[in-house]
Amino acid sequence: MSEQGQGSGGATVWLTGLPSAGKTTIARALGTRLEHEGHRVEVLDGDEIREFLSAGLGFGRTDRDTHVRRIGFVAELLASHGVLALVPVIAPYADTRAEVRRRHEEGGTAYLEVHVATPVEVCSRRDVKGLYARQAAGELSGLTGVDDPYEEPAAPDLRLATQDRGVSESADAVYELLTERGLLA
């Protein structure tokens with residue numbers, strides 16, 4: 001890893017998991033803490049990026065991969081310039097996540113993968129956007145983790161079981177990982 005990625009304050013923290021797992025909530029809580037400490041932080045929420053940078057893309061495999069690659073590019077660009085890029089994105093396919101990681105490694109930019117490992121039953125109860133209810137009613141198909149695949153990370157840098165901990169505790173665990181890896185200058 002280059003000097004830029006190590007201790008510069010720049011890194012990508014990729015939070016992957018099912019819909020309603022808590023990815024964005026954790027990223028925003030962590031982002032607030034890091035900003036209060038004076039770090040440069042951007043939260044690249046998958047839904048917001050889809051609306052602006054990936055408008056027009058669907059939810060088939062090719063479009064999902066394109067969406068993830070685009071977010072990965074922006075995250076690596078920000079992180080390589082000293083920003084902590086917090087990226088709460090489903091990113092259901094392992095090979096596309098690996099591609100994003102490789103791009104960071106090739107650029108000498110720090111990259112951490114956090115699996116927000118919330119069981120589908122818990123996500124379905126949370127159902128923040130009503131997706132699980134729409135899928136159950138037959139109004140939606142291709143819901144990641146239900147009728148479309150989600151390939152869990154085999155070896156993430158951190159696995160968070162959010163059904164067993166609160167938002168603050170989850171954000172603290174990611175903060176501790178950043179500290180352990182020397183990424184908080």
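- Qualifying side-chain contact (heavy atoms from CB on, under 4.5 Å) partners for V43, counting only residues two or more places apart in sequence or in other chains: A27, R28, L86, P88.
- Residue Q163 holds its CD atom at 7.5 Å from CZ of R126, rounded to the nearest 0.5 Å.
- Listed here is the closest heavy atom pair of R159 and A154: NH2-O, 3.6 Å.
- To the nearest 0.5 Å, the span separating CG on L178 from CG on L183 amounts to 5.5 Å.
- A donor-acceptor pair under 3.5 Å links the side-chain atoms of R97 to the main chain of E151, judged by distance alone.
- In this view, D63 and L57 satisfy the side-chain contact (heavy atoms from CB on, under 4.5 Å) rule, not counting sequence neighbours.
- Applying the side-chain contact (heavy atoms from CB on, under 4.5 Å) test to R33 and every residue at least two apart in sequence or in another chain returns E37, D172, Y175.
- Within the 4.5 Å cutoff, side-chain heavy atoms of L160 are placed close to those of V174.
- A donor-acceptor contact shorter than 3.5 Å is absent between the side chain of R40 and the backbone of A79.
- Smallest separation of non-hydrogen atoms from S170 and R165: OG-CD, 3.0 Å.
- Each side chain to side chain donor-acceptor pair (under 3.5 Å) pair with one or both residues in residues 134-144, not counting sequence neighbours, appears once here: R64-T144.
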Decide side chain to side chain donor-acceptor pair (under 3.5 Å) for S54 and H67; before the verdict, give the C-alpha distance in whole Å, the side-chain angles of both, and the deciding distance to 0.1 Å. CA-CA 6 Å; S54 296; H67 177 61; 2.9 Å; yes
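- Counting heavy atoms from C-beta on, the side chains of T24 and V128 never come closer than 4.5 Å.
- In this view, D127 satisfies the side-chain hydrogen bond (donor to acceptor under 3.5 Å, both in side chains) rule with no residue, not counting sequence neighbours.
- In this structure, L184 is a member of the same hydrophobic cluster as L15, with clusters built from ILVMFWY side-chain heavy atoms closer than 4.5 Å.
- Separating the CG atom in L34 from the CD atom in E42 is a distance of 12.0 Å, to the nearest 0.5 Å.
- For A171 against A29, the heavy-atom pair with the smallest separation is CB-CB, 4.1 Å.
- Here CG of L112 is found 8.5 Å from OG1 of T12. Values are rounded to the nearest 0.5 Å.
- Think of L18 as one node in a network of Ile, Leu, Val, Met, Phe, Trp and Tyr side chains linked at under 4.5 Å; its network also takes in I90, V120, L131, Y132, L140, L143, V146, Y150.
- In this structure the side chain of V89 never reaches within 4.5 angstrom of the side chain of T16, judged on heavy atoms.
- Side-chain atoms of R70 come within 3.5 Å of backbone atoms of L53 as a donor-acceptor pair (strictly under, hydrogens ignored).
- Taking all atoms of both residues into account, the shortest heavy-atom contact from W14 to A91 is NE1-CB, 3.5 Å.
- The heavy-atom pair separating P92 from P149 by the smallest distance is CB-O, 3.5 Å.
- Counting heavy atoms from C-beta outward, I71 and V87 have side chains that approach closer than 4.5 Å.
- With sequence neighbours excluded, the residues satisfying side-chain hydrogen bond (donor to acceptor under 3.5 Å, both in side chains) with D95 are R61.
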Would D45 and K23 count as a salt bridge (charged side-chain N to carboxylate O under 4.0 Å, His left out) here? Give the steps. CA-CA 9 Å; D45 179 76; K23 301 175 300 297; over 6 Å; no
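- Listed by chain and residue number, T162 satisfy the side-chain hydrogen bond (donor to acceptor under 3.5 Å, both in side chains) test with T118 (two or more places apart in sequence, or in another chain).
- For E99, the salt bridge (Lys or Arg N to Asp or Glu O under 4.0 Å) partners are R69, not counting sequence neighbours.
- You'll find the side chain of D47 reaches within 4.5 Å of the side chain of K129, heavy atoms only.
- Partners of E121 by side-chain contact (heavy atoms from CB on, under 4.5 Å), not counting sequence neighbours, listed by chain and number: P119, R125.
- Distance check, rounded to the nearest 0.5 Å: CG of L77 to OG1 of T109 gives 9.0 Å.
- In this structure D157 satisfies the side-chain hydrogen bond (donor to acceptor under 3.5 Å, both in side chains) test together with R101, R181, sequence neighbours excluded.
- F59 belongs to no hydrophobic cluster with other residues, because no ILVMFWY side-chain heavy atom falls under 4.5 Å from its own, directly or through intermediates.
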